[in-house]
2 protein chains.
Amino acid sequence: MLVVVTPVESSEKPGRRDRKKLETRAALEHAALRLVAERGLAGVTVEDIAEAVDVSSRTFFNYFPSKEDAIIGTPTSEVELSKRLTAAPAGLSALQALGLALREEAELIQTQRDKWLLRLKVFESNPSLLSRLVAGGAEAERGLAAAVAERAGGADDGFAHLVTAVSLAAFRVAMVRWYAADGGPSLAGLVDQTFSRLAAGLPDPAPLPS
Amino acid sequence: MLVVVTPVESSEKPGRRDRKKLETRAALEHAALRLVAERGLAGVTVEDIAEAVDVSSRTFFNYFPSKEDAIIGTPTSEVELSKRLTAAPAGLSALQALGLALREEAELIQTQRDKWLLRLKVFESNPSLLSRLVAGGAEAERGLAAAVAERAGGADDGFAHLVTAVSLAAFRVAMVRWYAADGGPSLAGLVDQTFSRLAAGLPDPAPLPS
DNA sequence: GCAAGAAATTTCAGGCTCTGCAATCTTTTA
DNA sequence: TAAAAGATTGCAGAGCCTGAAATTTCTTGC
């Protein structure tokens with residue numbers, strides 16, 4: 001049976017077998033991204049991707065449940081984000097804690113600048129994928145919201161979901177903006193700016209003084 | 001050729017032909033929703049839905065590009081939302097204007113309470129659909145953001161996208177909350193409360209005084 | 001009322017996605 | 001090195017979705 005490789009406790013090196021699996025997965029991700037960037041989502045079949053990596057298409061589906069998932073890759077899980085949340089200083093508000101966790105994420109993404117710019121380029125021409133950016137999709141959002149609620153100590157009237165959904169949306173916007181600027185500015189900086197605006201209540205930006 | 005029926009200027013009644021088309025579309029929407037609520041997304045095929053309405057499955061695809069789209073129905077277009085935006089009083093901030101437009105939306109949804117509660121129930125067990133709730137998906141979000149930017153009078157450093165994305169996310173959360181409360185509270189009220197929180201900068205809610 | 005003409009539906013063929021299952025090949029481990 | 005565990009593969013099949021051509025249904029002008 002093929003099972004997702006659990007990173008274990010970062011110690012214990014994986015062994016040849018698991019290393020190969022990681023390699024194959026990375027190769028599939030890479031090929032999917034490259035091909036789709038070239039030819040568009042509809043112009044690439046799963047068979048194309050599998051062939052580029054020299055495995056059967058059946059094997060592709062052993063690694064990813066769908067073509068889209070290969071393009072999205074193996075994003076930071078909501079579990080990881082939740083951990084960061086609970087690790088954040090207790091004094092911070094939920095919004096601040098989320099901002100911090102996502103700032104870390106930004107720094108991580110920045111270290112893989114080219115891959116992410118390419119991915120965002122693909123997302124641009126396939127907006128349906130965008131919603132799965134970071135802790136992809138509503139399920140992860142729920143999990144993260146639960147962590148926020150717990151951090152806040154229970155009783156929730158929907159605030160946890162709200163602040164979580166809003167934060168993730170804001171993060172997405174920051175990423176798109178980063179992409180639009182061709183990865184020039186610091187993503188973490190953009191995230192910070194975005195969260196400042198959130199914390200300020202999203203007032204209209206002051207028009208530049210003539 | 002089958003073309004989406006343009007509502008025209010509300011005058012000029014549609015004529016039998018177009019009325020039938022509307023009927024078929026509504027019937028497909030309804031059947032899709034009902035069946036999927038009963039058996040789950042995977043438990044219903046397009047053929048099932050078409051059969052329930054007594055048309056061919058090819059005809060189904062003349063009305064909806066995918067099974068999911070039938071479930072989502074025919075939501076308020078981002079064009080309509082954009083209109084509301086430009087119609088909003090000039091003095092309002094972007095966030096306030098969006099809040100107003102979405103409040104209207106809430107009232108509209110409230111008038112179709114049962115249908116929407118059923119739809120949200122389906123969304124709950126199929127979170128992948130959730131992202132398309134209201135002005136579904138990233139494309140509509142872009143259009144709406146453009147309207148926001150224009151309203152604000154041009155120069156945009158990403159604020160328009162941010163406030164738009166955040167507002168839509170907030171609206172989604174309000175809807176889910178409304179569903180969770182079984183449609184009891186006023187949706188418009190929940191939307192108002194949500195936008196108040198946004199405008200206040202999402203401060204942690206004060207713990208109840210013991 | 002009736003004959004074009006327009007429009008919607010249907011049938012058909014076909015490609016692609018994704019899944020379960022059984023066979024095969026490879027790696028690990030004893 | 002043999003047995004066990006695990007990964008890959010081929011195969012069959014269901015389901016989604018599309019284009020094109022044929023058919024049926026509606027509309028319109030006479």
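Basis for what follows: all heavy atoms, side chains included, without hydrogens, waters or symmetry-related copies. Note that the structure is a prediction, hence the values are computed from the model and not measured. The chains referred to below are lettered A, B, ... by the order of the sequence lines, with proteins before strands, and numbering in each begins at 1.
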In this structure, how many angstroms lie between the [atom2] atom of [N] and the [atom1] atom of [X], rounded?
X: B/Lys67; N: C/dT17; atom1: NZ; atom2: C1'; result: 13 Å
X: B/Asp48; N: D/dG15; atom1: CG; atom2: P; result: 8 Å
X: B/Lys21; N: C/dA6; atom1: NZ; atom2: P; result: 16 Å
X: B/Tyr63; N: D/dC16; atom1: OH; atom2: P; result: 20 Å
X: A/Phe61; N: C/dT19; atom1: CZ; atom2: P; result: 7 Å
X: A/Arg19; N: C/dT28; atom1: CZ; atom2: C1'; result: 13 Å
X: B/Phe64; N: D/dC16; atom1: CZ; atom2: C1'; result: 16 Å
X: B/Arg58; N: D/dG15; atom1: CZ; atom2: C1'; result: 15 Å

Problem set entry | Contact summary for A/Leu28 and A/Ala50, nearest pair of heavy atoms | CD2-CA, 4.4 Å
Exercise. Does a salt bridge link A/Arg19 with A/Glu23, judged by any charged N lying under 4.0 Å from a carboxylate O?
Worked result: no
For this session: Would you mind checking if A/Arg84 and A/Glu105 are paired as a salt bridge, meaning a charged N to carboxylate O distance below 4.0 Å?
Result: yes
Exercise. Nearest 0.5 Å, what's the CD-CG distance between A/Glu139 and B/Leu130?
Worked result: 10.0 Å
Exercise. From the list C/dT19, C/dT10, D/dC17, which nucleotide is the closest neighbour of the side chain of B/Asn62?
Worked result: C/dT10
Seminar exercise, completed: 5'-most contact on DNA chain C (nearest-nucleotide basis), A/Glu47 vs B/Asp54, goes to B/Asp54
For this session: Using a cut-off of strictly less than 4.0 Å, decide whether A/Thr59 has a side-chain nitrogen or oxygen near OP1 or OP2 of D/dT9.
Result: yes
For this session: Taking only the side-chain nitrogens and oxygens of B/Thr45, find out if one of them lies under 4.0 Å from OP1 or OP2 of D/dG15.
Result: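 Checking D/dG15 against B/Thr45, no side-chain N or O comes under 4.0 Å of OP1 or OP2.
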For this session: Mind checking A/Lys20 for me? I need base, sugar-phosphate or nothing, with any heavy atom below 4.0 Å counting as a touch.
Result: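 Contact class for A/Lys20: none.
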Exercise. Contact class for B/Ser66 (heavy atom, under 4.0 Å): base, sugar-phosphate, or nothing?
Worked result: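 Contact class for B/Ser66: sugar-phosphate only.
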Return all side-chain donor-acceptor pairs below 3.5 angstrom for residues 174-189 of chain B, not counting sequence neighbours, or 'none' if the list is empty.
from     : atom 1 : to       : atom 2 : distance (Å)
B/Arg177 : NE     : A/Asp157 : O      : 2.9
B/Arg177 : NH1    : A/Asp157 : O      : 3.0
B/Arg177 : NH2    : A/Asp157 : O      : 3.2
B/Arg177 : NH2    : B/Gln193 : OE1    : 2.9
B/Trp178 : NE1    : B/Pro185 : O      : 3.1
B/Tyr179 : OH     : B/Glu124 : OE1    : 3.0
B/Ser186 : OG     : B/Ala188 : N      : 3.3
B/Ser186 : OG     : B/Gly189 : N      : 2.9

